[in-house]
Amino acid sequence: MIMIGLFSFISCEKTEQTEIEATIADELVEISDTEANVVLSNGNKIRFHQIDDGEFNGVFILEESDCDQCSILNNITDLADKELSEEEIFWALSEPGTPIPSFLASKNTIANAKNNALQSQGWARSIAVDFPIGIDPNPRRVIACKNRNFTSSIAYGFLGKPEFVALDKTPNTYNGFVNDCASVPASYCNKGPRYRLHAVMNGIKKWKGKICSKAVQNRNNDHIASNISGGLCQSPPCDAYVGPELYFEYYSGGKWKSMKNPNGAYPEGFEVPANTTKVYTYSWNTSVKTSFRLRVKNAMGQDQFDFMMDKKDVVIDPGTPDPDDFPEVPAHIDLSYGSLGGQNYRIVVDFTTIIDNKPKISIPVQFLPTLPYYEDEVIFPNNFCGMRIKKADRFIWLNQGGEVVDTFPYNYVPENGPDDSIQELFGNEFYFDGIEFTGPIGACEEANENWSFPYPFTQTDTVMDKPLKLVIELLQDSEIEFLNYNIHPQEPLDADELFEDVDFNELIEFFNETFYEGFEQWVDAVCEDNPADCPLENN
């Protein structure tokens with residue numbers, strides 16, 4: 001009996017201890033060198049994230065709540081009757097005795113907080129949660145959040161007076177949302193279109209706002225993505241919920257960066273769970289003007305949203321440039337894919353097949369220089385007039401019957417024998433430095449120039465006067481460069497010179513607006529070629 005009583009006592013003590021630990025966990029403060037998270041008893045989570053990115057330095061605050069009328073940030077602003085700093089907010093909401101994160105404690109605000117009328121650490125932990133909340137006297141069907149509750153902080157409080165307010169929005173009813181199926185995996189859209197929205201605010205130092213989002217999950221608005229090929233499951237095919245994601249981003253160093261992971265390779269957002277409403281209130285202050293972006297991704301037609309931001313010159317997804325305006329692959333250019341030894345591992349300039357008064361030119365994609373792509377298709381340059389091929393293996397001229405042309409002035413590299421490669425027959429100069437040709441194509445189409453195939457292709461730099469086919473066989477490490485003799489005859493085009501100005505600017509603008517990952521390597525190449533003139537948005 002004594003053992004049973006002792007066991008019961010230990011069990012009760014363990015249960016009580018577990019409850020205490022659970023209570024502490026509910027109000028946990030997580031601290032690192034760059035981030036501190038305060039979780040309050042009502043479930044609200046306040047994130048304090050240091051942004052130290054060159055000239056952009058400050059603390060981003062983000063409150064996550066399941067309730068449209070439970071903003072702790074708004075409540076403590078009302079209680080203090082003034083706008084509080086990031087350090088004062090942490091002081092007000094953290095457990096007494098909690099160490100102050102170094103990125104907050106380095107300022108004098110904490111010392112000032114200790115000396116004012118609200119000096120006790122954690123003074124707002126309870127009263128901010130229990131602060132009176134108004135009741136909407138006119139109940140109605142709610143889209144996302146109740147409008148009165150959601151906008152309660154407009155006139156005063158934490159948000160001040162945001163001029164941009166967009167309520168009761170869904171992708172089906174609000175033209176700020178754009179169909180995004182071209183930019184997401186096809187499986188995301190197998191049960192209906194996915195939509196994105198970008199709300200951009202340019203040239204500001206202070207950014208505050210609020211977003212309410214409800215992920216509506218039903219048979220007519222089904223977020224379940226099927227047959228995922230990696231990423232969302234370990235053994236595809238599988239089904240996975242892909243809900244709307246919310247991103248809070250700033251522009252720095254030529255690209256958009258997420259406040260959640262500013263140093264990450266790709267921005268991270270917050271996914272809204274199925275049939276759940278999430279409310280985010282956020283704030284950022286810095287001494288340098290930049291651009292900020294509120295972004296929604298993977299939304300479906302019936303998902304619900306309310307938005308508020310504190311700047312009236314907001315731009316909602318301007319809709320330009322349109323990817324339909326990007327340069328198209330010309331009809332006479334055939335982009336091929338192949339493996340070593342296959343027919344498609346060749347460049348072919350075919351004067352026996354004329355398209356739009358130009359020879360058909362077949363190019364293996366894997367040898368092209370770094371180019372942007374959209375919807376898995378290469379955006380092909382429109383500012384070149386010729387090509388230079390480095391480390392090619394051999395070339396031959398063929399007539400319409402497929403026979404090798406070996407008469408003057410045409411040269412060729414035999415398939416077998418001691419001189420069966422460009423390097424063996426013509427030397428290292430033409431192997432490593434390349435062989436090249438130019439003609440009236442692309443940007444030089446109207447220049448009244450002739451086709452030119454200089455040595456070693458020919459002995460006379462001949463103009464094509466009969467239907468022949470030039471076949472250039474490549475090696476695994478062969479390289480293709482684009483030429484434009486109107487820009488600089490002897491040098492290949494840099495990444496930023498591959499497109500005419502209008503198209504180039506449209507590509508850059510599209511990247512700035514979307515951070516479309518298909519452009520990332522090309523943009524890196526652009527900036528590597530000319531770092532001082534990197535043509536990215538710089539606000």
*Min side-chain heavy-atom separation T34-D52 under 4.5 Å*: no
_N261 side chain to E268 backbone, donor-acceptor under 3.5 Å_ = yes
*Do Y188 and N298 touch side chain to side chain, with heavy atoms closer than 4.5 Å?*
yes
*Find the distance between OH (Y241) and CG (D222) and round it off to the nearest 0.5 Å.*
10.0 Å
*Salt bridge check: are K297 and E245 linked by an N-O gap of less than 4.0 Å?*
no
_Checking ring pair (Phe, Tyr, Trp, His ring centres under 6.0 Å) between F499 and each of F326, F482, W522, F519, which is the one that passes?_
W522
*With the side chain counted from C-beta on, respond yes when Y280 and K210 share a heavy-atom pair under 4.5 Å apart, and no when they do not.*
no
_Tell me if a side-chain donor or acceptor on D494 pairs with a main-chain N or O of D496 at a distance below 3.5 Å._
no
*Say whether N383 and E497, considering side chains only, have a donor N or O and an acceptor N or O under 3.5 Å apart.*
no
*D66 and K278 ion-paired at < 4.0 Å*: yes
*Hey, does the Lys NZ or Arg CZ of K208 hover above the aromatic six-ring of Y282, less than 6.0 Å from the centre and inside 45° of the axis?*
no
*Would you say the side-chain atoms of D529 pair up with the backbone N or O of A495, donor to acceptor, closer than 3.5 Å?*
yes
*Determine, for D53 against K257, whether the closest basic-nitrogen to carboxylate-oxygen distance falls under 4.0 angstrom.*
yes
*Do C189 and V184 touch side chain to side chain, with heavy atoms closer than 4.5 Å?*
yes
*Ignoring hydrogens and angles, tell me if any N or O in the side chain of R293 forms a donor-acceptor pair with the backbone of S258 under 3.5 Å.*
no
_Rounded at 0.5 Å granularity, tell me how far NZ in K146 sits from CG in L167._
14.5 Å
_I'd like to know if the side chain of T77 reaches the main chain of N75, judged simply by a donor and an acceptor atom lying under 3.5 Å from each other, with no hydrogens or angles considered._
no
*Which value, rounded to the nearest 0.5 Å, describes the distance between N175 atom CG and K169 atom NZ?*
8.5 Å
_For the OH atom of Y247 and the CG atom of L294, what is their distance to the nearest 0.5 Å?_
12.0 Å
*asked:* Walk me through whether I89 and F48 qualify under side-chain contact (heavy atoms from CB on, under 4.5 Å).
replied: CA-CA 10 Å; I89 292 172; F48 301 80; 3.8 Å; yes
*Taking all non-hydrogen atoms of both residues, which atom of V39 and which atom of K45 are closest, and how far apart?*
CG2-CG, 3.9 Å
*Measure the OG-OH distance between S291 and Y250 for me, rounded to the nearest 0.5 Å.*
13.0 Å
*Backbone N or O of G269 within a donor-acceptor pair of the K260 side chain at under 3.5 Å?*
yes
*Which atoms form the tightest heavy-atom contact between W256 and F292, and what is the distance?*
CZ3-C, 3.7 Å
_Closest heavy-atom pair and its distance - M300, P171_ = O-CG, 3.1 Å
*Taking all non-hydrogen atoms of both residues, which atom of T370 and which atom of L498 are closest, and how far apart?*
O-CD1, 4.5 Å
*Do N44 and E64 pass the side-chain hydrogen bond (donor to acceptor under 3.5 Å, both in side chains) test, and can you show the C-alpha distance, the side-chain angles, and the key distance before you say yes or no?*
CA-CA 6 Å; N44 285 24; E64 179 180 351; over 6 Å; no
*Looking at N221, T170, N172, which one forms a side chain to side chain donor-acceptor pair (under 3.5 Å) with D303?*
N221
*Set of residues satisfying ring-ring contact (aromatic ring centres under 6.0 Å, His included) with respect to F305, sequence neighbours excluded*: F177, F307
*Might you work through the side-chain contact (heavy atoms from CB on, under 4.5 Å) test for I211 and V279, ending with a clear yes or no?*
CA-CA 6 Å; I211 179 174; V279 182; over 6 Å; no
_Side chain to side chain, N218 and Q302, heavy atoms closer than 4.5 Å_ = yes
*Heavy-atom pair with the smallest gap, counting every atom of S94 and Q121*: OG-NE2, 2.8 Å
*So, E63 versus S71: side-chain donor-acceptor pair below 3.5 Å or not?*
yes
*Could you tell me whether E249 and R295 make a salt bridge, using a distance below 4.0 angstrom between a side-chain N and a carboxylate O?*
yes
*Between V365 and V378, is any pair of side-chain heavy atoms under 4.5 Å apart?*
yes
*Could you go step by step and tell me if L93 and I76 meet the side-chain contact (heavy atoms from CB on, under 4.5 Å) rule?*
CA-CA 9 Å; L93 297 177; I76 63 173; 4.2 Å; yes
*Begin from the C-alpha positions of Y174 and L197 and carry the test side-chain contact (heavy atoms from CB on, under 4.5 Å) through to its verdict.*
CA-CA 10 Å; Y174 185 40; L197 176 142; 3.7 Å; yes
*Side-chain contact, heavy-atom cut-off 4.5 Å: T277 with C145?*
yes
*Would the H49 and F60 ring centres measure less than 6.0 Å apart?*
no
_L246 versus V296, closest heavy-atom pair with distance_ = CD2-CG2, 4.0 Å
*Do V526 and E528 touch side chain to side chain, with heavy atoms closer than 4.5 Å?*
no
*Quick one: pull up CZ in F103 and CD1 in I51 and give me the separation to the nearest 0.5 Å.*
9.5 Å
